[in-house]
**Q** 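Submitted below is the structure of interest, expressed as structure tokens.
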Amino acid sequence: MSSISILHRACLRLALLPLPPLRARATALRPPPRRRHLHLPSRSSMSSAASRLSHIATATADGGAAGESNEPPPAGSAVAQEDDGLSGDIVYRLPPKEIQDIVDAPPLPVLSFSPNKDKILFLKRRALPPLSDLAKPEEKLAGLRIDANSNTRSRMSFYTGISIHKLLDDGTLGPEKEVHGYTVGARINFVTWSQDGCHISFTVRVDEEDNKSGKLRVWIADVESGEARPLFKSPEIYLNAIFDSFVWVNNSTLLVCTIPVTRGAPPQKPSVPSGPKIQSNETKNVVQVRTFQDLLKDEYDADLFDYYATSQLVLASLDGTVKPIGRPAVYTSIDPSPDDKYLMVSSIHRPYSYIVPCGRFPKKVELWTVDGKFIRELCDLPLAEDIPITMSSVRKGKRSINWRADKPSTLYWVETQDGGDAKVEVSPRDIVYMEHAEPINGEQPEILHKLDLRYAGTSWCDESLALVYESWYKTRKTRTWVLSPDKKDVSPRILFDRSSEDVYSDPGSPMMRRTDMGTYVIAKIKKQDGSTYVLLNGMGATPEGNVPFLDLFDINTGSKERIWESDKEKYYESVVALMSDRTDGELSLDQLKILTSKESKTENTQYYLQTWPEKKQVKITNFPHPYPQLASLFKEMIRYQRKDGVQLTANLYLPPGYDPSKDGPLPCLVWSYPGEFKSKDAAGQVRGSPNEFPGIGATSPLLWLARGFAILSGPTIPIIGEGEEEANDRYVEQLVASAEAAVEEVVKRGVAHPDKIAVGGHSYGAFMTANLLAHASHLFCCGIARSGAYNRTLTPFGFQNEDRTLWEATSTYVEMSPFMSANKIKKPILLIHGEQDNNSGTLTMQSDRFFNALKGHGALSRLVILPFESHGYSARESIMHVLWETDRWLQNYCVNGASKADSDSVADSENKTLSASGGSAALEDPSPQGSSYLPRSLL
């Protein structure tokens with residue numbers, strides 16, 4: 001069988017780490033965590049089936065189901081096919097078959113490249129997990145959710161199998177080799193390559209009876225044979241994966257976080273408390289914190305946290321040798337030095353807190369030899385309950401302690417000079433230090449650089465080149481500095497000084513290569529004339545859309561030469577990884593090899609190897625279309641203008657086979673998420689490409705293309721605060737103006753019926769939806785709001801990017817809360833929320849109270865609470881029911897016309913999109929999530 005047919009049959013997906021996503025600024029393409037090779041786990045994939053009832057409350061004038069599926073339910077699931085949603089027999093529902101088929105399509109495997117880029121792992125997955133997986137008992141402690149039976153984070157996705165392919169010189173794949181030896185049906189996690197690529201390590205767990213999770217055991221597989229075996233001979237040694245898991249310290253030894261073998265039974269909760277719960281601030285400290293969830297509640301919780309989080313570090317060799325090192329503690333990270341001689345070990349300790357999660361608990365960082373001998377303490381940071389809520393504020397003391405990627409054992413870190421408080425004016429604000437692991441003769445740390453903004457990372461190259469990044473949120477300023485870290489006679493200089501919002505000026509990020517030590521450094525490229533460059537990989541934002549590029553950039557002169565650029569007409573291409581990185585030192589341009597992706601509006605992503613100097617392309621994948629029933633959908637990136645002159649963009653999708661002359665205007669679903677900006681020019685810049693393939697997730701609005709809807713996906717809704725003005729000071733005004741412009745555009749194009757336009761969003765998009773129904777009811781016939789926060793007085797110490805408190809900006813908090821305008825909402829609104837939402841600010845109570853407010857004013861509304869679900873939804877039963885609810889809502893209140901509940905408020909279609917947003921109060925906005933819009937991966 002050919003390699004291409006193998007690829008076709010496997011339906012793989014390429015997902016790559018450690019390269020972080022491109023950003024709209026010249027920040028570091030920072031070196032990845034060491035030993036974390038090129039792979040990315042993906043959508044949750046779990047097994048078995050069961051069901052629970054969803055909690056549904058309804059306040060509605062009429063009902064009636066639409067589009068129920070006649071497909072039989074999966075075995076063991078309590079689902080119903082025909083119901084108006086109002087009966088007393090409440091069970092999980094299935095959406096129409098055309099939606100089910102897309103969501104239930106088999107997931108594609110994940111790819112993981114070996115360190116030498118000569119082999120690829122195919123990590124196989126299952127589809128959506130059953131609700132029974134989410135229903136397993138979990139402990140909620142210190143901001144974590146813990147599966148007590150497996151002693152790991154709860155709700156982990158997993159792989160079901162591993163196969164290996166060689167990547168041949170011609171770019172094709174060799175025969176598939178299955179990794180074997182573990183129990184059939186086992187759940188696989190933490191797949192990691194050894195440094196030489198000869199072995200892979202991973203964990204195996206097998207579920208026990210009564211749907212209990214099994215504990216994790218570490219396994220090793222030989223890459224040549226595919227044969228796997230347990231790392232530990234003793235069956236009583238299990239992984240503790242609450243924080244870190246394990247790491248290769250050399251080609252034959254792993255350092256593993258294990259459950260202490262002497263650990264007994266978990267602590268029992270006292271039947272009678274020893275005293276009241278008391279918190280005190282008699283010292284009059286100013287402590288302002290966001291609305292964190294799953295915190296410790298009492299001393300019993302603290303004991304339980306210690307019980308599950310405490311690990312014993314163990315050195316385990318492939319020959320079976322086992323050596324415990326250090327004492328049991330709550331270790332949060334273990335990081336070997338590049339030369340494998342030292343360990344940087346981080347742990348947290350008491351006193352714990354009841355108001356902040358474990359990331360702010362007292363933290364100790366120590367330096368050990370690789371065999372566990374204590375050398376020195378690097379820092380012991382106190383409890384950090386008092387980090388200011390102002391953006392760009394940080395923890396006091398040493399932070400971002402790391403190993404220099406280009407040196408065997410040199411540490412670097414940063415220390416704040418403003419006490420961590422962004423409101424304090426001081427110069428410098430941060431200082432970056434470095435020193436050897438074991439300083440000689442009392443040697444003091446060396447100052448690498450002083451920064452006036454907030455430190456944002458370092459990219460290392462060699463003794464003559466490093467890039468240091470700093471940024472400041474309030475001004476959106478970002479700077480890149482060029483340093484010669486080991487040449488004290490060379491002064492630092494600014495390489496780039498720009499706005500992080502200005503994507504058109506983004507020069508790109510340096511591409512990294514892997515060193516012999518397993519770290520990642522900036523790749524230097526040498527031309528035949530001897531000149532040396534770095535490679536800048538950029539997204540290439542332009543007014544016509546993104547055109548990714550690869551530039552040779554001269555650090556000294558600033559000159560650049562474009563050596564690769566994406567096709568602009570039909571395709572969207574991007575550089576995924578540097579494949580010719582196996583040689584230390586400079587890479588020859590004539591031997592350059594990169595991995596690129598290529599896609600179009602209708603063709604799904606494929607991957608290519610491209611080599612220099614002839615720039616030959618070899619296609620290495622042949623993925624089938626993930627949803628062929630929508631293969632001929634129409635997509636267009638449209639541009640239009642808000643009435644204040646701000647340029648806006650959106651992706652307009654139309655169903656396959658749509659003919660405007662025959663079919664006329666369609667019902668339309670608008671799905672978006674606001675973004676915050678400091679300038680109109682930046683807000684109007686185009687982000688994304690018109691040629692990108694439309695990815696459709698399990699709860700994507702694009703699913704309704706299969707139901708004949710037009711979809712306006714991600715219309716930009718910039719909330720702008722120029723100069724000293726805060727963006728939220730005119731939130732509702734700008735929100736409504738953006739929505740008016742979007743609706744006017746799709747109506748003008750004739751693709752959307754003016755009386756059949758629905759609006760929806762998730763999280764901050766749900767907040768947007770509720771505000772639009774309250775203040776722009778003339779635009780939309782109904783709304784769908786998922787996992788939102790609607791009353792900002794319940795998040796009094798900031799939300800999103802708002803860093804003023806309720807008491808500093810009372811009118812802003814009150815006026816922008818749709819809860820306070822519940823009496824104005826006259827159009828049907830569907831609220832959906834996970835019963836166990838742990839996202840900061842979006843407590844399930846937000847939807848409960850909002851629904852009660854709506855019901856108290858007779859609003860046509862419906863509340864669906866999903867058992868066991870968090871901020872995003874993952875169980876198949878939950879997702880299918882969300883889709884059923886959404887489809888029912890759209891059929892009843894969008895397809896079948898405007899709501900009777902507010903017929904008087906529906907404006908004449910000719911005037912519908914022309915109403916002045918000034919007609920509603922200029923409420924102030926909820927801080928949106930930076931300048932990012934709904935990413936393609938979340939559609």
Side-chain angles (χ1 to χ4, degrees), residues 140 142-143 277-297 353-357 359-360 383-395 420-424 473-474 674 676 719 721 725-732 735 763-768 770-771 774 785 787-822 831 833 837-853 871 921-930:
K140 300 174 182 179
K277 299 176 182 179
I278 298 174
Q279 298 185 55
S280 174
N281 191 35
E282 295 179 51
T283 55
K284 297 184 179 181
N285 294 326
V286 176
V287 178
Q288 300 178 348
V289 294
R290 294 269 177 134
T291 314
F292 299 117
Q293 300 191 50
D294 297 340
L295 302 176
L296 299 179
K297 299 181 290 297
S353 171
Y354 298 154
I355 63 172
V356 294
R360 296 192 182 187
L383 179 65
E385 290 183 333
D386 59 349
I387 299 176
I389 62 172
T390 309
M391 304 298 290
S392 301
S393 293
V394 296
R395 189 174 192 162
D421 189 349
K423 290 184 177 179
V424 174
Y473 176 77
K474 281 293 185 184
E676 188 176 278
I719 310 299
E725 181 187 40
E726 295 288 344
N728 287 347
D729 291 341
R730 294 191 300 114
Y731 172 78
V732 170
L735 177 71
S763 193
Y764 204 51
F767 179 82
M768 168 206 77
N771 264 312
S787 298
Y790 309 102
N791 183 352
R792 287 306 171 190
T793 68
L794 297 178
T795 56
F797 291 108
F799 54 90
Q800 289 289 106
N801 295 320
E802 176 61 71
D803 56 11
R804 296 172 295 180
T805 71
L806 169 63
W807 299 272
E808 292 171 326
T810 304
S811 61
T812 296
Y813 274 68
V814 171
E815 291 172 354
M816 70 190 300
S817 295
F819 179 86
M820 303 300 180
S821 299
L831 304 176
H833 216 120
D837 192 331
N838 63 345
N839 184 56
S840 177
T842 56
L843 296 85
T844 308
M845 175 180 63
Q846 288 272 6
S847 286
D848 284 331
R849 292 187 175 181
F850 188 40
F851 176 71
N852 287 334
H871 191 59
L923 313 190
E924 280 136 356
D925 137 274
S927 263
Q929 213 175 44

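Positions are given from 1 along the sequence.
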**Q** Closer than 3.5 angstrom, by distance alone: can the side chain of Ser392 be matched with the main-chain N or O of Tyr473 as a donor-acceptor pair?
**A**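 Answer holds: yes.
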**Q** With sequence neighbours left out, write down each residue that passes salt bridge (Lys or Arg N to Asp or Glu O under 4.0 Å) with Asp294, or none if nothing qualifies.
**A**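 In terms of salt bridge (Lys or Arg N to Asp or Glu O under 4.0 Å), with neighbours along the sequence ignored, Asp294 is linked to Arg145.
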**Q** Are the side chains of Val289 and Arg360 in touch, meaning some heavy atoms are under 4.5 Å apart?
**A**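 Yes, at least one pair of side-chain atoms sits under 4.5 Å.
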**Q** Got a second to check how far Phe851's CZ is from Tyr790's OH, nearest 0.5 Å?
**A**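 Here the interatomic distance stands at 12.5 Å.
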**Q** Could you work out, with salt bridge (Lys or Arg N to Asp or Glu O under 4.0 Å) as the rule, every residue matching Glu808, not counting sequence neighbours?
**A**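 Glu808: salt bridge (Lys or Arg N to Asp or Glu O under 4.0 Å) contacts with Lys423.
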**Q** Is there a side-chain contact between Thr795 and Arg792 (heavy atoms, below 4.5 Å)?
**A**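 Thr795 reaches Arg792 side chain to side chain.
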**Q** Kindly compute the distance separating CG (Asn771) from CD (Glu815), expressed to the nearest 0.5 Å.
**A**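 Spacing of CG (Asn771) from CD (Glu815) equals 11.0 Å.
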**Q** Taking C-beta and beyond as the side chain, do Met391 and Asn801 meet within less than 4.5 Å on heavy atoms?
**A**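 Yes - at least one pair of side-chain heavy atoms lies under 4.5 Å apart.
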**Q** The criterion is side-chain contact (heavy atoms from CB on, under 4.5 Å); which residues satisfy it with Ser787, sequence neighbours excluded?
**A**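 Testing Ser787 for side-chain contact (heavy atoms from CB on, under 4.5 Å), a comparison that skips the adjacent residues, returns His762, His833, Asp837, His871, Tyr873.
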**Q** For Met845, check side-chain contact (heavy atoms from CB on, under 4.5 Å) against everything at least two apart and list the hits.
**A**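 Counting only residues at least two positions away or on another chain, Met845 forms a side-chain contact (heavy atoms from CB on, under 4.5 Å) with Leu794, Leu843, Arg849.
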**Q** Once side chain to side chain donor-acceptor pair (under 3.5 Å) is applied, do any residues pair with Gln293, and if so which ones, sequence neighbours excluded?
**A**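 So Gln293 forms no side chain to side chain donor-acceptor pair (under 3.5 Å) with any residue.
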**Q** How many angstroms lie between CG in Leu806 and CD in Gln288, if you round to the nearest 0.5 Å?
**A**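 Leu806 atom CG to Gln288 atom CD measures 11.0 Å (nearest 0.5 Å).
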**Q** Under 3.5 Å, is there a donor-acceptor pair between the side chain of Ser817 and the main chain of Tyr813?
**A**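 At least one qualifying donor-acceptor pair exists.
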**Q** Please name all residues satisfying side chain to side chain donor-acceptor pair (under 3.5 Å) with Asn839, sequence neighbours left out, ordered by chain then number.
**A**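 Counting only residues at least two positions away or on another chain, Asn839 forms a side chain to side chain donor-acceptor pair (under 3.5 Å) with Thr842.
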**Q** Kindly write out the residues that satisfy salt bridge (Lys or Arg N to Asp or Glu O under 4.0 Å) with Lys277, not counting sequence neighbours, or none if the list is empty.
**A**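 Checked Lys277 against salt bridge (Lys or Arg N to Asp or Glu O under 4.0 Å); matches are Asp298.
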**Q** Quick one: closest heavy-atom pair of Gly788 and Ala766, and the distance?
**A**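 That closest heavy-atom pairing would be CA-CB, 3.6 Å.
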**Q** Judged by atom type as modelled, is there a donor-acceptor pair below 3.5 Å linking the side chain of Gln846 to the main-chain atoms of Asn791?
**A**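 Yes; at least one donor-acceptor contact below 3.5 Å.
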**Q** Please enumerate all residues that pass side-chain contact (heavy atoms from CB on, under 4.5 Å) together with Glu385, with sequence neighbours excluded.
**A**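 side-chain contact (heavy atoms from CB on, under 4.5 Å) check on Glu385 returns Val287, Ser353, Ile355, Val356, Leu383.
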**Q** Can you name the nearest heavy-atom pair linking Pro674 to Leu735, along with the distance?
**A**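 What the structure gives for the nearest pair is CG-CD1, 4.4 Å.
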**Q** Start with the C-alpha distance between Val286 and Asp386, add both sets of side-chain angles, then the distance that settles side chain to side chain contact (heavy atoms under 4.5 Å, CB included), and finish with yes or no.
**A** CA-CA 7 Å; Val286 176; Asp386 59 349; over 6 Å; no
**Q** Using 0.5 Å steps for rounding, measure from the CZ atom of Phe797 to the CZ atom of Arg804.
**A**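 Interatomic distance, Phe797 CZ to Arg804 CZ, rounded to 0.5 Å: 15.0 Å.
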**Q** What pairs with Lys297 under salt bridge (Lys or Arg N to Asp or Glu O under 4.0 Å), at least two apart in sequence or on another chain?
**A**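 Expected list: Asp301.
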**Q** If every non-hydrogen atom of Gly798 is compared with every non-hydrogen atom of Ile389, which pair is closest and at what distance?
**A**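 Heavy-atom minimum between the residues: N-CD1, 4.5 Å.
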**Q** Which heavy atom of Gly143 sits nearest to which heavy atom of Pro357, and what is that distance?
**A**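 Here Gly143 and Pro357 meet closest at CA-CB, 4.1 Å.
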**Q** Would you please name every residue forming a side-chain contact (heavy atoms from CB on, under 4.5 Å) with Thr283, sequence neighbours left out?
**A**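 Thr283 satisfies side-chain contact (heavy atoms from CB on, under 4.5 Å) with Asn281, Asn285 once adjacent residues are dropped.
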**Q** Can you name the ring pair (Phe, Tyr, Trp, His ring centres under 6.0 Å) partners of Phe819, sequence neighbours left out?
**A**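 Ring pair (Phe, Tyr, Trp, His ring centres under 6.0 Å) check on Phe819 returns nothing, list empty.
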**Q** Which heavy atom of Ala422 sits nearest a heavy atom of Thr390, and at what distance?
**A**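 Ala422 and Thr390 have their closest heavy atoms at CB-CG2, 3.9 Å.
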**Q** For Tyr354 and Leu295: C-alpha separation, side-chain torsions, deciding distance, then whether side chain to side chain contact (heavy atoms under 4.5 Å, CB included) applies.
**A** CA-CA 6 Å; Tyr354 298 154; Leu295 302 176; 5.9 Å; no
**Q** Can you name the residues that form a side chain to side chain donor-acceptor pair (under 3.5 Å) with Gln279, not counting sequence neighbours?
**A**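 Scan of Gln279 (side chain to side chain donor-acceptor pair (under 3.5 Å), adjacent residues dropped) gives none.
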